[in-house]
Every structure is written in C-alpha cells, then in structure tokens.
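Only a predicted model underlies this, so the values are computations on that prediction, with no experimental measurement involved. Worth knowing before you read on, the calculation uses all heavy atoms, side chains too, and leaves out hydrogens, waters and symmetry mates.
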Amino acid sequence: MNAHHKLRTSYSALTLAATIFFSSSAGAVSPKTDAKSESSSVPAPAIRVTPPAPVFDDKARVAELIERRARVAKEIGPKGILVLYSAEPRIYTHDVDYEYRQENNLYYLTHLKQQGATLVLMPGHESLREILFIPKRNPARETWDGFMYGAADAHRLSGISEIWEAKEFEPFMQALKKREAYRPKNEAILMSATATKDQAASSTSAANTNTASTTATGAVATGFEPLFSAVEQKEAALFLLVPPKEAASGEFGDHREWRREQRFAAGWKREGGADFQIRSAFPIFAAMRLRKSPLEIQRLQHAIDITTEAFGRSMAAAGRAQWEYEVEAEVEYTYRRRNADYWGYPSIVGCGPNATTLHYNESQGRINQGSLLLMDVGAEYDHYTADVTRTFPVNGKFTPAQADIYNIVFAAQEAAFRATRPGATISEVNTAATEVIKDGLLRLGLITDRNSNQHRIWFMHGTSHWLGMNVHDVGDYSTKFEPGMVFTNEPGIYVRADALDYLPKTPENEKLIAAVRPAFEKYKNIGVRIEDDVLVTPEGYHNLSAALPRTITDIEAFIARATRELRLTAIERQQPDTTAMAGLRIESFIDPSGLWSTRDFTRPDLSRESLSFNTAMSAGRTIRRGFVFIGSAKNDERRHQSHADHQSE
C-alpha cells in the first residue's frame with residue numbers, strides 16, 4: 001500500500017484547511033450518590049450515551065440459528081436443496097475493496113463473516129442435512145488479509161457440524177447433477193458429525209462406507225436416495241437467491257447483488273441440471289426475517305441507540321459547524337466510537353434547500369444559522385440497521401414558517417402511530433398520515449384540492465418500509481402487522497424551489513400554480529421529515545427511537561442543553577509552506593475566489609499571497625471535490641497532525 005500512501009500524502013500537502021473537532025462530556029460517568037445526596041444530584045446529560053452492547057448467551061444464540069435452519073429446511077422439503085453463497089468482495093477501485101459485509105441470509109443462518117463460504121441444506125438426507133464449505137486456513141494468506149475461520153471457529157459460531165473445504169463444493173454439486181453420492185477425501189473434511197476422518201472414505205466414490213447402510217434389497221444406501229428419486233420424477237428443486245420471476249421463467253438476468261447465483265442457475269440448467277427445478281429462496285427468507293426474535297430486536301435496538309447518540313452530538317454541534325460534512329463527521333465518529341459495523345446506508349445531512357432532496361448524500365453545503373437541517377442516518381450493528389430522521393433548526397429556534405411545516409409532519413406521524421396495531425397494514429399507516437398531510441397543505445395554501453393528488457408535489461413518498469438487516473428490508477407489504485415486525489414511520493413535506501417549474505403545462509396546472517404561489521414563496525426551500533423505528537407489540541407499538549426529541553418544544557430545549565454540554569476545540573489553521581513548494585507545479589487547486597486554478601511554483605514571480613487556503617475553503621470548496629498535487633511528497637512531513645492533536649474524550 002506504499003503507492004497509495006504516497007498518493008494520499010501528496011494530496012495532503014495542499015489540503016491545509018481549518019478543522020473543527022467536537023468532543024462531548026456526555027460520556028463521563030457521574031459519581032455515585034447515596035440516598036441523602038440523590039435529591040441534589042446533577043441532571044442526566046442531554047446527549048444520551050449509548051448503553052453497553054447486548055451480550056448473548058452463546059447457547060441461546062446458536063440454538064436460534066439451528067432453529068432458523070430447521071425452518072428453512074421444512075420450507076424446502078425433502079425433495080429440495082438450498083445453496084447460499086457468501087457475499088463477493090465489492091471493488092472500490094483497482095485492487096482496493098470496500099470493507100467486507102456478509103450476505104444477509106447466509107449470516108442470518110450461520111453468523112459467519114468469512115469470505116468464500118457456502119451453505120448447503122439437504123433436508124431429505126438423513127445424516128447430511130447441512131454442509132458448510134469454507135476455505136481451508138492459509139497462514140500465508142492470513143499474514144496479508146487477517147484471521148480465517150477454522151472448522152472449530154465456524155462450528156462455534158454457527159452450530160454446524162459438517163464442514164468441508166470450499167474447493168469440494170463444485171465436485172459435490174456436479175455429483176448431485178449426475179445423481180451420484182459424494183463425500184470428499186479425508187484431508188478435505190474439516191469437521192464431520194457423521195464420521196471421524198479416520199473412517200472417512202479415501203476416494204470420492206459414491207459408495208462410501210462411513211455413511212452408508214444396507215437397504216432391504218441389499219443395495220448400499222447413501223442417504224441421497226430421496227433427492228435422487230425426486231430428480232428422476234422431475235420433482236427435485238434447487239433453491240437459490242434469484243428473483244422469483246426469473247426462477248419461474250428460467251431466464252436469469254445479471255443483478256448486481258445476486259450475479260453469482262444467477263450465473264450458477266443459468267449454468268446449472270444449461271449443463272445437465274434441467275431435472276432440477278430452480279426455485280427462489282427469497283420468499284422463505286422474506287417471511288422469516290419479517291418477524292424479529294427478541295435477540296434480533298436487541299441488536300436492532302443497539303443500532304438505534306448508537307444512532308441516537310450520534311444525533312445528540314450532531315444536533316449540539318450543528319450550530320457551530322460551517323459545513324454539512326462537519327456534522328456528518330460527528331455521526332460517523334460516533335458509529336466508530338461505539339463499534340458499529342458502519343452505517344446501514346449513506347448518511348443524509350442536508351441544510352436549507354438540500355433538505356428537500358430525499359436522498360441527498362453530498363454533505364457539501366453550508367450550514368446556515370436560519371435554516372433547518374435534515375438528518376436521516378442509521379448505524380448498523382451486527383447486520384441490523386437503524387433508520388432515523390430528525391429535522392431541526394441550526395440555531396435552535398424554529399421560525400414560524402418552519403414550525404408550520406414541521407407541525408403538519410409531526411401530526412401526520414402521530415396519526416401513523418395511532419394506526420399501528422396488530423392486524424393493521426403499512427397501507428393503512430400510510431393512509432392515516434397522508435390524510436393529515438393533505439389537510440395541512442390545504443390549510444397552508446400549498447394545495448387547492450385535498451381529494452386529488454396535488455399533495456404528491458410536496459409529499460412524494462410513502463410513510464413506511466420494513467426495517468431489519470436491510471434499511472429497506474425484505475417482506476410482503478400486504479402482510480398484516482404481527483408482534484415482532486419492525487417498520488419506519490416517516491412522513492415528510494419538501495417545498496423544492498423548482499417544484500412548480502416541472503409541472504405539465506396544462507390550464508389546470510397553471511391555475512393551481514397561480515393559486516399556491518403566495519404560500520410557495522413563503523415556504524420555499526423548507527424540507528421536513530421525521531422518522532422513527534417502530535416495533536409492533538401485542539398491545540400496539542413501541543417506538544424504538546423514542547429517546548430522541550420530536551416535538552418543537554423538546555427539540556429547542558434539547559439543543560439549548562446539549563449545546564452547553566458540548567466542548568469545542570478548534571485546530572489552528574496552518575498556511576502552506578510555499579517556499580518548500582518551490583520548483584513544483586500545482587495542478588487544479590482552488591483560488592481565493594473559489595475557482596479552479598493552476599499555479600506554477602517554478603515561476604520566480606509567483607506571489608505567495610496568491611494561494612490562500614483559508615480563503616479558498618471558505619469559498620465553498622472542500623477536499624472531497626479533489627486537489628491534485630504533482631511533485632515531491634517529502635513536504636507532506638510538515639503536515640499538521642490535526643487528527644492526533646484534537647482533544648480526546
């Protein structure tokens with residue numbers, strides 16, 4: 001990685017900008033008080049510190065995995081076989097990958113994060129109902145890439161006892177295609193519950209003796225007979241993570257997440273596996289994952305708790321920040337500090353007009369004191385993600401116009417909460433919120449007819465989606481609510497500056513535009529969304545993200561308290577050493593006017609004052625947009641150690 005380091009350090013030589021770090025005293029542990037002094041104790045901090053991560057009994061955790069696999073096996077049936085692949089590494093650029101994240105359904109059944117793993121379930125086989133294929137540990141590879149699971153590690157995490165080397169998967173599947181039983185040689189069986197390695201067959205012959213028995217007719221039974229009989233009768237099914245429509249049609253596409261499964265399915269049919277029906281495993285997992293167990297809810301709650309602390313810090317820091325990315329940094333710092341996997345989706349931090357873009361991910365706008373800041377962020381913990389949104393005034397006080405929009409959205413969210421109960425549906429929740437928004441928009445003058453779709457100009461999405469291992473999690477949206485289901489409640493109103501410009505040019509729309517123009521001008525560039533994560537309970541619902549303030553009164557009070565708690569440390573700005581840059585050429589930096597420019601330090605007439613990075617950064621450009629530095633990187637040794645110098649908590 002030396003070449004990458006040199007590139008980064010070359011960039012750094014020119015990115016000399018002011019850096020603000022925020023640190024909170026909210027994490028400090030208060031001294032214990034006795035009964036006599038309790039009444040005079042200091043109030044709890046406004047910023048809620050994340051509680052400790054949940055700790056699970058390993059036996060209970062593994063038992064749940066075993067029960068899940070049994071449920072999947074029941075759905076597959078004795079004539080079926082399921083193949084689940086681990087996720088493939090995702091390329092960031094060239095030879096650099098994104099951080100690895102396991103495929104959700106494989107993790108759901110195994111809790112394994114190992115690359116190159118494959119799970120096979122064969123409910124019809126008496127002794128080989130489940131086989132885990134993993135790469136054999138390789139010390140040389142581990143030196144470069146880190147620890148790999150051994151068979152004992154994989155067994156401890158998953159509860160699976162039949163573990164074979166990954167290279168055996170292909171010959172195993174080829175044997176099934178030919179209706180031949182298969183068992184690897186000794187050295188490729190990493191763990192087995194059916195036989196010891198000494199008993200294992202020394203060849204890949206179908207008739208191995210360690211798992212075979214004699215039938216009434218004298219034939220050697222291998223355990224594969226129910227599956228092979230189904231193949232003969234064209235009743236066997238191979239379950240894969242392929243879209244149901246593709247499985248039904250037999251025509252497989254090239255989905256970016258399920259590409260490996262789609263290619264395997266296409267090749268399987270083309271290369272002699274036509275006697276197996278290809279079936280989609282998606283409906284099985286969608287139904288199971290829709291209903292969360294207590295252990296899942298604990299993981300999800302912890303992700304939400306981490307997100308809650310991130311919000312608290314961000315809401316307190318926003319008033320002192322200059323750029324959206326500074327506030328986003330508070331969020332992701334908290335994720336790392338609390339050991340979240342990372343985010344469940346890219347953070348949305350939009351101030352003013354940027355709050356009217358639903359999936360605004362740039363975080364490049366200015367933080368303006370009179371504006372609202374919309375933050376839609378969610379930490380992921382152990383494969384479960386939060387999804388929470390708050391909209392709040394940067395300066396801690398809503399203007400009357402901002403409050404008008406906010407109160408409508410809040411009332412809509414309350415209506416959605418009231419509609420949440422076992423037996424209800426997401427459609428009913430959406431209708432309850434939408435009716436309130438229609439009334440509010442009509443009252444403000446932003447629509448003229450509540451019985452039309454005019455409200456879609458300002459509220460263009462639904463109120464809810466399922467939540468779990470994906471931010472937009474799997475599940476049938478017509479399913480009636482049951483205890484254990486989790487979904488989002490997130491109405492919003494977005495008065496985009498160009499919203500009226502793109503309406504079709506019809507007489508009706510011209511009349512509408514003229515009627516709503518005064519209200520539009522009053523509320524233009526205001527975007528509000530409020531989002532909470534909701535667990536359906538036997539009694540109704542539980543708001544998992546209720547620790548964050550939602551009402552105007554509570555938000556304003558929170559910001560006032562939290563801002564006082566937050567300690568601000570500014571790093572002194574440092575000017576570039578232009579003398580040290582003599583003889584080098586600088587390409588594509590930003591000049592004091594905020595424009596891209598080029599300076600040639602080989603010219604003796606260059607004025608050092610012409611390159612002001614403080615001014616350039618205040619002109620609205622940031623290092624994310626990119627500086628290119630061509631020349632020696634040795635000057636980067638003078639780089640200020642901003643990350644090392646900030647005051648830690």
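Using modelled atom types and a 3.5 Å distance limit, the side chains of T307 and D305 yield no donor-acceptor pair. In summary, the side chains of T448 and Q454 do present a donor paired with an acceptor at a separation below 3.5 Å, with no hydrogens or angles considered. Looking only at atom types and distance, the side chain of Q102 has no donor-acceptor partner in the side chain of N104 under 3.5 Å away. The closest side-chain donor-acceptor pair between D341 and Y335, if any, does not fall under 3.5 angstrom. Under 3.5 Å, the side chains of R529 and Y494 contain a donor-acceptor pair of N or O atoms.
Within the 3.5 Å criterion, the main-chain N or O of T563 finds a donor-acceptor partner in the side chain of R320. A donor-acceptor pair is defined here as one N or O able to donate and one able to accept, closer than 3.5 Å; no such pair exists between the side chain of Y381 and the backbone of Y342. Proximity of a side-chain donor or acceptor of R421 to a complementary backbone N or O of A419 within less than 3.5 Å is detected. The closest donor-acceptor contact from the side chain of W323 to the backbone of G365 lies at 3.5 Å or more, if one exists at all.
Classification of E330 and R313 as a salt-bridged pair holds, one side-chain N sitting under 4.0 Å from a carboxylate O. Using a 4.0 Å cut-off between a side-chain N of Lys or Arg and a carboxylate O of Asp or Glu, E309 and R337 qualify as a salt bridge. Salt-bridge annotation for E99 and R336: present, with a side-chain N of the basic residue lying under 4.0 Å from a carboxylate O of the acidic one.
Considering only heavy atoms from C-beta on, E490 stays 4.5 Å or farther from D533 through its side chain. Residues N361 and E328 form no side-chain contact, since every pair of their non-hydrogen atoms from C-beta on lies 4.5 Å or further apart. Contact of the L446 side chain with the I405 side chain is registered, since non-hydrogen atoms from C-beta on lie closer than 4.5 Å.
Of the residues listed (F410, F392, Y406), the one engaging F398 in a ring pair (Phe, Tyr, Trp, His ring centres under 6.0 Å) is Y406, and it is the only one. If you run ring pair (Phe, Tyr, Trp, His ring centres under 6.0 Å) between F487 and each of Y477, Y541, F481, F417, only F481 comes through.
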What's the verdict on side chain to side chain donor-acceptor pair (under 3.5 Å) for E428 and T425, showing C-alpha distance, side-chain angles and the deciding distance? CA-CA 5 Å; E428 292 174 85; T425 64; 3.2 Å; yes
Apply salt bridge (Lys or Arg N to Asp or Glu O under 4.0 Å) to residues R496 and D498 and explain how you reach the verdict. CA-CA 5 Å; R496 291 184 63 81; D498 60 357; 3.6 Å; yes
